[in-house]
Structure formats: C-alpha cells, structure tokens
Amino acid sequence: MLHLDHITVAANDLAEGVAYVEKALGIAPPAGGAHPLMGTHNHLLRLSGTSFLEVIAPNPSAPAPSRPRWFAMDDARTHAALASSPRLMTWVANTSDIKSALAKIPHAARPAITVTRGNLEWLISVPPDGSMPFDGAFPTIIEWPEGPHPASRMADLGCSLVEFEIRHPDVDTIKSSLAGFLDDPRIRFSHDPAPSFRAVIRTPKGDRQLV
C-alpha cells in the first residue's frame, strides 16, 4: 500500500539547504517551486522515476500562511535545530488511496489536505498544527494524481537512493505500525535515543552520505 516517495531536507533558508545538500552529494538540487498554502518553497533532486530528494524552507516572498506550516517548520524547536544546520527532517510515503491508508495505518498523521505547486495538485497528510508523528520518523502519507510520478519529469542527474536509515527511541512502534503496509529493502530502522536520519545516495561521483 505504501512506497517510499521522497526524503526531505529542511532549512530555515532555502539557499542554505541547497548548499548543504550540494556539499554532501556534490550535486545541487534543481529548483522546484512554491507551495502557496504552506508558505514554503523547494528544490528537488530525482532519485528514481518514482522518488526524489526535497530541500524545503519557508518562502520569505510569500504571504504568511493562514495555518501552521507542514513538517513542524513553525515549531520553535525546529527553528532552533535548523539554525545550526539544515538536516534530513522526515520522509514521505505514497499510496494510491490515502483515505484508506489513513484509516488503516496506526499513528499516521491526519487529515489529508490538498496542496499545490504550480499546476500540480495532490493530497497529503498534515495535522492542523503542522506536527509530525514521532518527530518525523513516521512517514507523511501522500497521494499523487493519476499519471506519471512527478519524479519522472525531473532532470536525471544520475542519483539514486541506496539506503535510508531512520533512528528513533520508539523505533519498534514505528516498525510495528508500518508492518504489512511498507516493505522496502533500502529502509533501515535503528534504535537511538535521539531521532535522526541517514541517507546513502549513489551519485556520479560515488556513494555519498546525507544526514
């Protein structure tokens, strides 16, 4: 029912986030677009025909959103953490039926709301307060419109995801909640007192690590 869709690097400033990824991977993610509802903008790096890396930050040129931004970006703790450095903040899994997924998967964030970027429109699970279950270690759920995955239209710069590690003190609960819904050999779950992530990405310059 679920498939790894994208991994998200968050930053307080988009240029800082792009520079952070470029330093780690040796490749700068190309520009993406803006999300009017959330007051954010992003850059996107294709990892396959159905997955990508997102770099996201508040958009200083956009009006303040009427609701809290997604990915806990308006949380003071997030601001403080990102002030020292951009970082991998969370991950997103896609489904063809988000209504059913949210009804069946324990701990999934609710409700599903409609978000746009340019002429692309999709459904994604974002609570009214913008929070993320398990500090972002539990995936946000997304449903794209029918047709080719958005990643298939991104420039192929020769990058792919080798491994994505999710570290969390309550990792057993996360694994149990996703059992039977998500099976991806690239995903590893590890117990750690401090929530964090690690991605190994294959690039034309070799395997690189992003945290």
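Residues: numbered from 1 along the sequence shown. None of the values given here were measured: they were computed from a predicted structure.
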- Atom CG of Leu45 and atom SG of Cys159: how far apart are they, to the nearest 0.5 Å? 4.5 Å
- Task: Give the minimum heavy-atom separation between Asn59 and Ala34, together with the two atoms involved.
- Result: ND2-CB, 4.0 Å
- Message: What I'd like to find out is whether the side chain of Phe138 reaches to under 4.5 Å of the side chain of Met132, using heavy atoms alone.
- Response: no
- How far does CD1 of Ile7 sit from CG of Leu88, to the nearest 0.5 angstrom? 5.0 Å
- Which pair of heavy atoms, one from Met38 and one from Pro65, lies closest together, and at what distance? O-CG, 3.7 Å
- Task: For residues Val21 and Pro86, determine if any side-chain heavy atom of one lies less than 4.5 Å from a side-chain heavy atom of the other.
- Result: no
- Note, Glu16 side chain near Leu82 side chain (heavy atom, < 4.5 Å): no
- Query: Taking the inter-plane angle between the rings of Trp144 and Phe52 on a 0 to 90° scale, is it parallel (under 30°), tilted (30 to 60°) or perpendicular (over 60°)?
  - Reply: tilted
- Message: Are Arg110 and Pro133 packed together at the side-chain level, in the sense that at least one heavy-atom pair is separated by less than 4.5 angstrom?
- Response: no
- Task: Can you establish whether the number of heavy atoms outside Asp183 located under 6.0 Å from its atom CG is more than 12?
- Result: no
- Among Ile98, Val92, Val115, Thr95, side-chain contact (heavy atoms from CB on, under 4.5 Å) partner for Ile142: Val92
- Same cluster (ILVMFWY, side-chain, under 4.5 Å), Met73 and Val18: no
- Are Met89 and Phe189 in one and the same hydrophobic cluster, where Ile, Leu, Val, Met, Phe, Trp and Tyr link if side-chain heavy atoms are under 4.5 Å apart? no
- When rounded to the nearest 0.5 angstrom, what is the spacing between CE in Met1 and NZ in Lys104? 4.0 Å
- Closest approach of Leu161 to Glu163 (non-hydrogen atoms, all atoms of both residues): CD1-O, 3.5 Å
- Message: What I want to check is whether the side chains of Asp129 and Ser131 have a donor and an acceptor closer together than 3.5 Å.
- Response: yes
- Message: Checking the side chain of Ser176 only, and the main-chain atoms of Asp172 only, is there a donor and an acceptor separated by less than 3.5 Å?
- Response: no
- Message: Quick check on the hydrophobic clustering: are Ile56 and Leu47 connected, directly or via other members, by side-chain heavy-atom contacts under 4.5 Å?
- Response: no
- Message: Taking CZ in Arg77 as the centre, count heavy atoms belonging to other residues, nucleotides or ligands within less than 6.0 Å. Is the count above 12?
- Response: no
- ILVMFWY cluster, Val200 and Val211 together (side-chain gap under 4.5 Å): no
- Indicate yes or no: at least one non-hydrogen side-chain atom of Asp5 is less than 4.5 angstrom from one of Thr50. no
- Message: Using side-chain heavy atoms (C-beta onward) and a distance below 4.5 Å, is Phe134 in contact with Pro195?
- Response: no
- Message: I'd like to know if the side chain of Trp122 reaches the main chain of Thr116, judged simply by a donor and an acceptor atom lying under 3.5 Å from each other, with no hydrogens or angles considered.
- Response: no
- What is the minimum heavy-atom distance between Pro58 and Ala11, and which atoms define it? CD-O, 3.4 Å
- Measure across Pro111 and Pro128 and return the closest heavy-atom pair with its distance rounded to 0.1 Å. CD-CD, 4.0 Å
- Query: Atom CZ in Arg69, atom CG in Leu37: separation rounded to 0.5 Å?
  - Reply: 11.0 Å
- Looking only at atom types and distance, does a side-chain atom of Asp184 sit under 3.5 Å from a main-chain N or O of Arg186, one as donor and one as acceptor? yes
- Just wondering, do Thr140 and Phe71 contact through their side chains at under 4.5 Å, heavy atoms? yes
- Is it the case that one hydrophobic cluster holds both Trp70 and Leu120, taking links as side-chain heavy atoms less than 4.5 Å apart, direct or via other members? yes
- Query: Looking at side-chain heavy atoms only, is the closest gap between Lys99 and Leu123 below 4.5 Å?
  - Reply: no
- Query: Of the non-hydrogen atoms in Arg167 and Arg198, which two are nearest, and what is the gap between them?
  - Reply: NH2-CD, 3.4 Å
- Donor-acceptor pair, side chain of His43 and main chain of Pro29, under 3.5 angstrom: yes
- Message: Run Leu44 and Arg117 through side-chain contact (heavy atoms from CB on, under 4.5 Å) and show every step you take.
- Response: CA-CA 12 Å; Leu44 306 167; Arg117 174 171 56 83; 3.6 Å; yes
- Message: Tell me whether the rings of Phe164 and Phe197 are parallel (<30°), tilted (30 to 60°) or perpendicular (>60°).
- Response: parallel
- Message: For the CG atom of Asp207 and the OG1 atom of Thr203, what is their distance to the nearest 0.5 Å?
- Response: 7.5 Å
- Is the backbone of Pro169 close enough, under 3.5 Å, to the side chain of His191 for a donor and an acceptor to pair up by distance? yes
- First locate atom NZ of Lys23, then atom CG of Leu210, and finally report the distance between them rounded to the nearest 0.5 Å. 12.5 Å
